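In this text, all values refer to a predicted model and were calculated from it rather than measured experimentally.
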Amino acid sequence: MILIDVFWILAFLIFYTYLGYGILLWALVKIKELIFPYNNETKETYNYPEATLVIAAYNEEDIIDMKMNNNLELDYPQGKLHIVWVTDGSTDRTVERLKEYSNIDIYHIDERGGKTKAINRTMPFVKSPISVYTDANTLLNKQAIKEIAKKFDNPKVGCVAGEKCIAVETQDTASSSGEGFYWRYESKLKALDSRLYSTIGAAGELYAIRTSLFKPQPSDALLDDFMLSMEIAAEGYKIAYCPEAYATESGSADMKEEEKRKVRIAAGGLQSTWRLRKLLNIFRYGILTFQYVSHRVLRWTITPIALVLLFPLNLLIVLMTEGSHQDLYLLLLLLQALFYILGFWGYLLSKRKIKNKILFIPYYFIFMNISMFKGVSYLIKKKSGAWEKSKRKK
């Protein structure tokens with residue numbers, strides 16, 4: 001029966017996207033490292049190059065002091081780390097607060113154009129060989145810039161992705177609990193991707209590039225960090241993953257705020273898939289295409305559709321089959337129903353501010369895939385790269 005064939009194709013696609021690729025990736029890394037042992041040793045002494053820390057800010061007056069204190073605590077050779085703030089269109093006292101610090105450069109214009117446009121106009125002024133990007137609302141560990149700089153000792157590395165950490169507190173909501181679990185899993189995949197060949201994309205919370213490889217991104221780019229890092233990978237450079245350099249931020253204030261973020265990321269994923277369509281050519285890009293499609297493209301395109309189709313298709317098969325075959329598909333239908341019931345239960349608990357991390361996982365998974373469909377509408381309506389910030393937990 002063709003319906004059964006389609007069902008198993010969809011089921012395999014969903015399994016591969018969210019779990020199977022991770023398992024296969026782990027196995028491939030183990031095989032590779034049996035043949036070519038993994039060497040993570042670094043030099044005892046290292047001549048650190050000059051680096052510029054680029055921070056984009058919009059209406060961030062409340063956290064300027066916190067971020068600047070964090071910047072000044074970073075361990076890097078004196079005189080070699082330059083701090084640049086990029087601002088545009090802020091309606092609060094962000095610029096005034098920044099002018100209180102004498103050891104930074106500020107590139108500000110009054111017109112609101114969005115983060116991508118702001119960075120594009122600023123990068124011609126950056127002269128250091130390494131540019132490090134981070135968000136205003138994240139805190140970096142003391143050794144972050146040093147650890148990132150070491151990765152560039154390998155001439156094949158054109159970009160370094162730091163690790164994103166979500167601060168999870170005892171009374172956290174579904175947004176921060178689910179987001180924290182998601183990013184822990186993502187971090188494992190990124191580490192394995194890097195060891196196999198290249199990490200697939202970098203996140204704006206913390207990443208760095210060779211300044212000479214910077215390419216201005218379209219001003220309407222929603223995931224400029226991902227686009228820039230993958231274009232560098234398309235040039236034959238690797239994106240190294242550096243878990244020793246991490247950026248910590250609080251989770252979204254609630255699921256409504258998290259939805260704003262996820263919908264925008266979903267829209268950016270679809271936009272990036274189209275604009276980076278050249279990377280789908282496995283005959284040209286080889287293993288990079290395999291990793292890119294497995295880790296990103298499937299999540300952003302086909303798999304959410306497969307997830308929606310699987311349950312009604314399963315129900316139809318149960319109604320059309322008999323005997324032992326029906327028992328198998330009835331069991332699978334009940335397991336799917338149980339998963340969605342647990343997800344809905346997690347939703348109800350989140351509305352009542354009741355914490356249950358186990359139920360938040362299916363809830364967050366369903367929530368992320370619903371956000372993918374909302375991302376289509378967002379992408380159609382959005383006209384620029386500027387966006388409404390989602391509120392984070394304080």
> With a distance cut-off below 6.0 Å to the six-membered ring centre and an angular limit of 45° from the axis, does Arg299 pair with Tyr18 as a cation-pi contact?
Replying inline: no
Are any of the side-chain heavy atoms of [X] and [Y] separated by less than 4.5 Å?
| X | Y | answer |
| --- | --- | --- |
| Met368 | Lys262 | yes |
| Arg264 | Leu222 | yes |
| Leu53 | Leu74 | yes |
| Phe290 | Leu24 | yes |
| Val126 | Ser131 | yes |
| Leu288 | Ile282 | no |
| Lys215 | Gln217 | yes |
| Tyr101 | Ile64 | yes |

Do [X] and [Y] have a side chain donor and acceptor closer than 3.5 Å?
| X | Y | value |
| --- | --- | --- |
| Asn120 | Lys115 | no |
| Gln336 | Asn314 | yes |
| Thr91 | Asn59 | yes |
| His108 | Thr87 | yes |

>> Taking the basic N atoms (NZ, or NE/NH1/NH2) and the acidic carboxylate oxygens, is any pair closer than 4.0 Å for Asp65 and Arg97?
In response: yes
> Hey, mind stepping through Glu96 and Lys99 against salt bridge (Lys or Arg N to Asp or Glu O under 4.0 Å) and telling me if it holds?
Replying inline: CA-CA 5 Å; Glu96 288 80 356; Lys99 287 180 178 178; over 6 Å; no
> Trp300 and Phe226: aromatic ring centres closer than 6.0 Å?
Replying inline: yes
> Would you say the ring centroid of Phe365 lies under 6.0 angstrom from that of Phe339?
Replying inline: yes
>> Please determine whether the number of non-hydrogen atoms from other residues, nucleotides or ligands lying under 6.0 Å from atom CD of Glu322 exceeds 12.
In response: no
> Taking only residues two or more places apart in sequence or in another chain, which ones pass salt bridge (Lys or Arg N to Asp or Glu O under 4.0 Å) with Lys146?
Replying inline: Asp75
>> The test is side-chain contact (heavy atoms from CB on, under 4.5 Å); show your working for Tyr48 and Tyr76 and say whether it passes.
In response: CA-CA 8 Å; Tyr48 294 98; Tyr76 207 73; 3.5 Å; yes
>> For a ring-ring contact (aromatic ring centres under 6.0 Å, His included) check, start with the C-alpha distance between Tyr364 and Phe367, then their side-chain angles and the critical distance, and finish with the verdict.
In response: CA-CA 5 Å; Tyr364 196 78; Phe367 160 78; 5.6 Å; yes
>> I'd like to know whether Tyr329 forms a ring-ring contact (aromatic ring centres under 6.0 Å, His included) with Phe7, so could you lay out the CA-CA distance, the side-chain angles of the two residues, the decisive distance to 0.1 Å, and finally the verdict.
In response: CA-CA 10 Å; Tyr329 291 102; Phe7 172 84; 5.6 Å; yes
> Run the salt bridge (Lys or Arg N to Asp or Glu O under 4.0 Å) check on Lys374 and Glu259 step by step: do they pass?
Replying inline: CA-CA 9 Å; Lys374 292 183 177 181; Glu259 182 181 16; 2.3 Å; yes
>> Tell me whether Ile366 shares a hydrophobic cluster with Leu313, the cluster being built from Ile, Leu, Val, Met, Phe, Trp, Tyr side chains joined at under 4.5 Å.
In response: yes
Identify each donor-acceptor pair in which a side-chain atom of residues 188-208 lies under 3.5 Å from a protein atom, sequence neighbours left out, and give them as a table.
{"unit_1": "Asp193", "atom_1": "OD1", "unit_2": "Tyr21", "atom_2": "OH", "d": "2.6"}
{"unit_1": "Asp193", "atom_1": "OD1", "unit_2": "Gln291", "atom_2": "NE2", "d": "3.0"}
{"unit_1": "Asp193", "atom_1": "OD2", "unit_2": "His295", "atom_2": "ND1", "d": "2.6"}
{"unit_1": "Ser194", "atom_1": "OG", "unit_2": "Tyr241", "atom_2": "N", "d": "3.1"}
{"unit_1": "Arg195", "atom_1": "NE", "unit_2": "Glu33", "atom_2": "OE2", "d": "2.9"}
{"unit_1": "Arg195", "atom_1": "NH2", "unit_2": "Glu33", "atom_2": "OE1", "d": "2.8"}
{"unit_1": "Arg195", "atom_1": "NH2", "unit_2": "Glu33", "atom_2": "OE2", "d": "3.3"}
{"unit_1": "Ser198", "atom_1": "OG", "unit_2": "Ile239", "atom_2": "N", "d": "3.0"}
{"unit_1": "Thr199", "atom_1": "OG1", "unit_2": "Lys190", "atom_2": "O", "d": "3.3"}
{"unit_1": "Thr199", "atom_1": "OG1", "unit_2": "Ile239", "atom_2": "O", "d": "3.4"}
{"unit_1": "Glu205", "atom_1": "OE2", "unit_2": "Lys164", "atom_2": "NZ", "d": "3.3"}

